[in-house]
Asks: 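For reference, the structure I am asking about is given below.
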Amino acid sequence: MSVRVVSDSEVRALLPMADCIEVMAATLATVARGDAVLPLRSTVWLPDRRGLLGLMPAYVGDPRAIGIKVVTVMPGNHGTEHDSHQGAVLVFETEHGALRAVVDASSITAIRTAAVSALATRILAREDAGDLAILGSGVQAATHLDGMRSVRRLTRVRVWSRTPAHARAFAERESARLGLRVEACAGAREAVAGADLVCTATSAREPVLCGDWLAPGAHVNAVGACFANARELDSAAVARSMLFVDRRESARAEAGDFLIPKAEGVFGDDHIRAEIGEVLIGARPGRGSRDEVTLFKSLGLAVEDLAAAHRVWQRALETGAGTEIELGGLRAPA
């Protein structure tokens, strides 16, 4: 049986940001309509807790597919030549259960995470928002810059990192790549001051963004913290924001940015205003006023990886990209 293997560089060529945003919009609308199966992800930690293997299975009804992302998460890779997320997305068809594609997960994760943030920004941020602050300087910082450029006209971009040299290198590299001036800031508060778009994409376990730094009407995408005991935003930032999530069940189980202030008694489960997909299909309202602070807390859903990998597989078939291998699945004749 023929299986197509698609590499990191091929994924990046086959899944441009604008295309991925539309795939994510269709996928999250499908989730909101109930045509998806999304078990909570499971993890296998290394004995020393310095990294883990994550298993994220899913079914989606449109495009009809079932699959799983298998990925290692190594926070210690930040600042090195290795991505913090490495692995593969396996795409199966649903008639016979045949494996159709093995797609690089590092690139899928990097692109689809930023595409979902861009989608949230498109439907929640003010139309004239364009002053962007990025906290973090790694892979997700770069893809989020691409994502924000896809949905808003950026007038200013500032970046901060806990390692100042990384912020400076990011600013220099992205300024040259995009022809857009990116400023490196010495402090997170300096980067955020007056910004109406904020993306937190760090490996921090303690808050790097405080609520009293946020300008009225700002929109925040919080994507870095993905465990119940880690957060990038302090309790005041979450409390003052209208909170939107990719999925309630995931946020209530895994989102430290939500769970820690909830445990402190700052708010309850009803602080989650809506899932992004619910806003997309008109089931729940989005931004209520110009001065509201909106917050999208992203954990990442397996259905997003599956839909993105399915699109890559389709494009690979159309263009001849990828490598075909034979990998079982057919019964030998009697």
Asks: Quick check: do I276 and V245 have side-chain heavy atoms less than 4.5 Å from each other?
Replies: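 They are not in side-chain contact.
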Asks: Go through the steps to decide whether S42 and L55 satisfy the test side-chain contact (heavy atoms from CB on, under 4.5 Å), and finish with yes or no.
Replies: CA-CA 5 Å; S42 59; L55 309 172; 3.6 Å; yes
Asks: Hey, mind stepping through R290 and D196 against salt bridge (Lys or Arg N to Asp or Glu O under 4.0 Å) and telling me if it holds?
Replies: CA-CA 11 Å; R290 182 170 175 80; D196 46 27; over 6 Å; no
Asks: Mind checking whether R252 and F258 have side chains closer than 4.5 Å, heavy atoms only?
Replies: yes
Asks: Applying a strict under-4.5 Å side-chain criterion to I, L, V, M, F, W and Y, I'd like to know whether L233 and L214 cluster together.
Replies: yes
Asks: Distance check, rounded to the nearest 0.5 Å: R168 atom CZ versus E183 atom CD?
Replies: 15.0 Å
Asks: Taking H166's backbone N and O only, do any of them form a donor-acceptor pair with S161's side chain (distance below 3.5 Å, no angle check)?
Replies: no
Asks: Could you report the tightest heavy-atom contact between V3 and L99, atom names first, then the distance?
Replies: CG2-O, 3.4 Å
Asks: Could you tell me whether D35 and R33 make a salt bridge, using a distance below 4.0 angstrom between a side-chain N and a carboxylate O?
Replies: no
Asks: Is a donor on one side and an acceptor on the other found under 3.5 Å between the side chain of S241 and the backbone of L243?
Replies: no
Asks: What distance separates K297 NZ from E254 CD, expressed to the nearest 0.5 Å?
Replies: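 Nearest 0.5 Å value for the NZ-CD distance: 10.5 Å.
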Asks: Output yes when a side-chain donor or acceptor of S150 lies under 3.5 Å from a complementary backbone atom of D146, and no otherwise.
Replies: yes
Asks: So, does E174 use its side chain to make a donor-acceptor pair with the main chain of F170 at under 3.5 Å?
Replies: no
Asks: Is there a side-chain contact between I260 and E206 (heavy atoms, below 4.5 Å)?
Replies: no
Asks: Is the ring pair F267/H271 parallel, tilted or perpendicular, if the boundaries are 30 and 60 degrees?
Replies: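 Parallel: the ring planes of F267 and H271 meet at under 30°.
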Asks: Hey, are the side chains of W160 and V208 touching, using non-hydrogen atoms and a 4.5 Å cut-off?
Replies: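 Yes - at least one pair of side-chain heavy atoms lies under 4.5 Å apart.
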Asks: At their closest point, which heavy atom of I21 faces which heavy atom of A118, and how far apart are they?
Replies: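 Looking at all heavy atoms of both residues, the closest pair is CD1-CB, 3.6 Å.
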Asks: Once you round to the nearest 0.5 Å, how far does OG1 of T27 lie from CZ of R311?
Replies: 8.5 Å
Asks: Is a donor on one side and an acceptor on the other found under 3.5 Å between the side chain of H144 and the backbone of Q140?
Replies: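 Pair found, side chain donor or acceptor close to backbone of Q140.
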Asks: Kindly give the heavy-atom pair with the smallest separation between A167 and V159, and that separation in Å.
Replies: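 Smallest heavy-atom distance, with atoms named: O-CG1, 3.7 Å.
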Asks: Between S175 and E172, does a side chain to side chain donor-acceptor pair (under 3.5 Å) hold up when you go through it step by step?
Replies: CA-CA 5 Å; S175 294; E172 181 177 346; over 6 Å; no
Asks: Return the minimal non-hydrogen interatomic distance between A253 and L40, and the atom names on each side.
Replies: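 Nearest pair, atom of A253 first, then L40: CB-CD1, 4.0 Å.
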Asks: To the nearest 0.5 Å, what is the distance between SG (C210) and CZ (R189)?
Replies: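 With rounding to 0.5 Å, SG (C210) is 7.5 Å from CZ (R189).
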Asks: Return the orientation label for the F227 and W45 ring planes: parallel under 30°, perpendicular over 60°, tilted otherwise.
Replies: tilted
Asks: Could you give me the CA-CA distance, side-chain angles and deciding distance for V279 and F244, then say whether side-chain contact (heavy atoms from CB on, under 4.5 Å) is met?
Replies: CA-CA 9 Å; V279 180; F244 299 82; 3.9 Å; yes
Asks: Enter the distance from D234:CG to R240:CZ here, rounded to the nearest 0.5 Å.
Replies: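 Taking CG in D234 and CZ in R240, the distance rounds to 10.5 Å.
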Asks: Say you draw a straight line from CG of D257 to CZ of R231; how long is it, rounded to the nearest 0.5 Å?
Replies: 7.5 Å
Asks: Ignoring hydrogens and geometry, is there a side-chain-to-backbone donor-acceptor pair from R4 to A321 under 3.5 Å?
Replies: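 At least one qualifying donor-acceptor pair exists.
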Asks: Donor-acceptor check, side chain of R152 to backbone of A125, threshold 3.5 angstrom: yes or no?
Replies: yes
Asks: Do M56 and L301 have side chains that approach each other closer than 4.5 Å (heavy atoms only, starting at C-beta)?
Replies: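 Contact flag for M56/L301 side chains = no.
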Asks: Looking only at the side chains, is there a donor atom on one of T202 and E232 sitting less than 3.5 Å from an acceptor on the other?
Replies: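 Side chains of T202 and E232: pair found under 3.5 Å.
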Asks: Return the minimal non-hydrogen interatomic distance between P285 and R273, and the atom names on each side.
Replies: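 Of all heavy-atom pairs spanning P285 and R273, the closest is O-CD, 4.0 Å.
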Asks: Can you list the steps and then say if N221 with T200 is a side chain to side chain donor-acceptor pair (under 3.5 Å)?
Replies: CA-CA 6 Å; N221 298 301; T200 62; over 6 Å; no
Asks: Begin with the C-alpha distance, continue with both residues' side-chain angles, and end with the deciding distance and a verdict on side-chain contact (heavy atoms from CB on, under 4.5 Å) for D8 and V11.
Replies: CA-CA 5 Å; D8 174 271; V11 170; 5.9 Å; no
Asks: Can you check whether C226 reaches R41 side chain to side chain, under 4.5 Å on heavy atoms?
Replies: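 In short, these two side chains touch, coming nearer than 4.5 Å.
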Asks: Report the C-alpha separation of T294 and R287 in whole Å, then their side-chain angles, then the decisive distance to 0.1 Å, and conclude whether the side chain to side chain donor-acceptor pair (under 3.5 Å) test is met.
Replies: CA-CA 7 Å; T294 53; R287 171 178 288 275; 3.1 Å; yes
Asks: Counting only heavy atoms not in E190, do more than 12 sit closer than 6.0 Å to its CD atom?
Replies: yes
Asks: Show, in sequence, the C-alpha distance, side-chain angles and deciding distance for R126 and H219, and conclude whether the side-chain contact (heavy atoms from CB on, under 4.5 Å) test is met.
Replies: CA-CA 8 Å; R126 297 190 314 203; H219 172 71; over 6 Å; no
Asks: Would you confirm whether N229, through its side chain, and G256, through its main-chain N or O, come within 3.5 Å as a donor-acceptor pair?
Replies: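 Between the backbone of G256 and the side chain of N229 there is no qualifying donor-acceptor contact (under 3.5 Å).
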Asks: For the hydrophobic clusters of this structure (ILVMFWY residues joined by side-chain heavy atoms under 4.5 Å, transitively), does one cluster hold both L280 and V31?
Replies: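 Yes, L280 and V31 fall within the same hydrophobic cluster.
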Asks: Is it the case that one hydrophobic cluster holds both I123 and I281, taking links as side-chain heavy atoms less than 4.5 Å apart, direct or via other members?
Replies: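 I123 does not cluster with I281.
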Asks: Are any of the side-chain heavy atoms of V157 and L145 separated by less than 4.5 Å?
Replies: yes
Asks: Between I325 and V5, is any pair of side-chain heavy atoms under 4.5 Å apart?
Replies: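 They are in contact (side-chain heavy atoms under 4.5 Å apart), so the answer is yes.
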Asks: Answer yes if V89 and M17 sit in the same cluster of Ile, Leu, Val, Met, Phe, Trp and Tyr residues linked by side chain heavy atoms under 4.5 Å apart, and no otherwise.
Replies: yes
Asks: Look only at the side chain of E275 and the backbone of R248, and say whether a donor-acceptor pair between them is shorter than 3.5 Å.
Replies: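 The answer is yes, because a donor-acceptor pair under 3.5 Å joins these two groups.
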Asks: What do the steps show when you test D131 against R158 for salt bridge (Lys or Arg N to Asp or Glu O under 4.0 Å), and what is the final call?
Replies: CA-CA 8 Å; D131 188 332; R158 287 167 284 176; 2.9 Å; yes
Asks: Which heavy atom of T30 sits nearest a heavy atom of D62, and at what distance?
Replies: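 Between these two residues, the closest heavy atoms are OG1-O, 3.8 Å.
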Asks: Examine the side chains of R12 and S107 and answer whether a donor and an acceptor come within less than 3.5 Å of each other.
Replies: no
Asks: Hey, quick one: are I134 and W213 part of the same hydrophobic cluster, counting side-chain heavy atoms closer than 4.5 Å, chains of contacts allowed?
Replies: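 No, I134 does not connect to W213 through the hydrophobic network.
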Asks: Decide yes or no on side chain to side chain donor-acceptor pair (under 3.5 Å) for S235 and E264, but give the supporting numbers first.
Replies: CA-CA 9 Å; S235 297; E264 295 170 347; 2.6 Å; yes
